[in-house]
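Only one structure is covered here, and it is reproduced in the block below.
No hydrogens, no waters, no symmetry mates; every other heavy atom, side chains included, goes into these values. In this text the structure is predicted, and so the values were computed from the model without any measurement. Naming: A, B, ... by sequence-line order, numbering from 1 per chain.
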Protein chains: 2
Amino acid sequence: MLVLMETQRAARGRARSEVSRQAVLAAATQIIGTDGYAALSIERIARESGVGKQTVYRWWPTKADVVMEALLHKVEVNIPIPDTGSLEADLRQFLTTSLRFGRMSQVVELLRALAAEAQLNPDFAERFRATFVDHRRAALTTILTRDEGRRPAPVRTSTLVDVVFGVIWYRLLILPTEFDDDLVTELVTLLTPTGDQ
Amino acid sequence: MLVLMETQRAARGRARSEVSRQAVLAAATQIIGTDGYAALSIERIARESGVGKQTVYRWWPTKADVVMEALLHKVEVNIPIPDTGSLEADLRQFLTTSLRFGRMSQVVELLRALAAEAQLNPDFAERFRATFVDHRRAALTTILTRDEGRRPAPVRTSTLVDVVFGVIWYRLLILPTEFDDDLVTELVTLLTPTGDQ
DNA sequence: TAAACATTACGAACCGTCTCGTATTGAATT
DNA sequence: AATTCAATACGAGACGGTTCGTAATGTTTA
């Protein structure tokens, strides 16, 4: 559900319209999908969702928050945390799933949009980190530290996490190249202690 | 110099004002430094540099191109390509210099601005890659392939480049953490063939 | 009856283009 | 050598258009 809290609230007056909420998220996703994030505006979200402009402003601080809420729903569906017993296998599966997610063209646009907005708006950057980035880091950290004793750790776990998400974000935001499946193997090679040491 | 070409041209008419060019770059840098990239507009660059609006539009396609020109000057000064004869030493020096550069607060703001604009404006993204990103990749690739025979390459050189710049950009754009010097050692450890294999 | 709703209007900021008169440059003409 | 001319850059600022975020209005619903 993601939203809500204020369990206390009196709930007097008219309740929030779930229909409007869904309509806003759908409209935003569709606008970005067809015309890109640059074409997204709250005016247009309101127009194309059939919702009042003030309603959007009432529930979301910025248009990027609308996008983030739309994206989070997709994340929750698509990326589980594997636990096969083998570090290599878990890592391979997590990376495969993540890269597949990062290949979905609708998703790429949303991720780019959020990263861009985070550069321009420090308040949103804070929410973005707390809500999205840390969630992803925690998942990978869980995998990497599961049998911690085994890895002699010349490299901090947090740095390994930086490497993985670094490559992913770099290729989403800076380079125009798509992910290929060899990348999974290469990353596992780099992250995994190679036998002897 | 960066500009010029058209060596052929008659050069009739008034010459471009170097004073105005410098004033524009300085004003842009200063606005971003104090109020952030979100506050940057061509109107304001013109106003605060004491330059006509049309003059800015004449020489730069977008405000991001102004920022990129300002940044490139800093890069050329600060990051040489080392050649000590040792892969490890070259790598260590390159990373140290690059991270030091990426710690300069003025620089961080400019890099963030360029990355953000590249997400929003595909035309600029093209110029950004061709002018800045590829330049940096080429430098690191030179180092990594200098004694190519020695590395058996279970991992493509281009992927290693992705890892390095991935971590750097990730920590500039997504995370709020600063670079520490241990990161250099860790990256060298990950990128360098560990003795036996 | 209170709060969310859709609608509409508003001022502020910035965009990109345009025009004005002036300044600077090289080439052509005296 | 002195003058004129054409080309181009310059600062200044007006222009119509767009989007922003907020506010005011009456309507609908729990």
Inset, instruction - Output yes when a side-chain donor or acceptor of Q119(B) lies under 3.5 Å from a complementary backbone atom of A115(B), and no otherwise. - result: yes
Inset, instruction - Please state whether the phosphate of dA6(C), meaning OP1 or OP2, lies under 4.0 angstrom from any side-chain nitrogen or oxygen of T55(A). - result: yes
Legend entry - Proximal nucleotide (of dC15(C), dC20(D), dA27(C)) relative to the R12(B) side chain: dA27(C)
Legend entry - Among dA9(D), dA4(C), dC20(D), the one nearest W59(B) by side-chain distance: dA9(D)
Inset, instruction - To the nearest Å, give me how far apart OH (Y57(B)) and C1' (dG13(D)) are. - result: 14 Å
Inset, instruction - Please evaluate the base of dG16(C) for a donor-acceptor partner in the side chain of K53(B) within a cut-off of under 3.5 Å? - result: yes
Inset, instruction - For R58(B), report the nucleic acid contact type (base, sugar-phosphate, nothing); a contact means any heavy atom under 4.0 Å. - result: base
Legend entry - End axis versus end axis in the helix from dT1(C)-dA30(D) to dT30(C)-dA1(D), the angle rounded to 10°, five pairs used at each terminus: 10°
Inset, instruction - Check whether any side-chain N or O of S17(A) sits under 4.0 Å from OP1 or OP2 of dA3(C), and answer yes or no. - result: no
Inset, instruction - For the side chain of S41(A), starting at C-beta, report the closest nucleotide among dG11(D), dC20(D), dC15(C). - result: dC20(D)
Inset, instruction - Go through the N and O atoms of the side chain of R14(A) and the base of dA4(C), and report whether any donor-acceptor pair is under 3.5 Å. - result: yes
Inset, instruction - Please round to the nearest 0.5 Å and tell me the distance separating atom CD1 of I168(B) and atom CZ of R136(B). - result: 9.5 Å
Inset, instruction - Would you kindly check whether a donor in the side chain of Q54(A) faces an acceptor in the base of dA23(D), or vice versa, at under 3.5 angstrom? - result: yes
Legend entry - Gap between atoms CZ and P, on R16(B) and dC10(D) respectively (whole Å): 7 Å
Legend entry - Spacing of E18(B) atom CD relative to dA9(D) atom C1', expressed in whole Å: 14 Å
Legend entry - Whole-Å gap separating P (dC15(C)) and CG (L120(B)): 14 Å
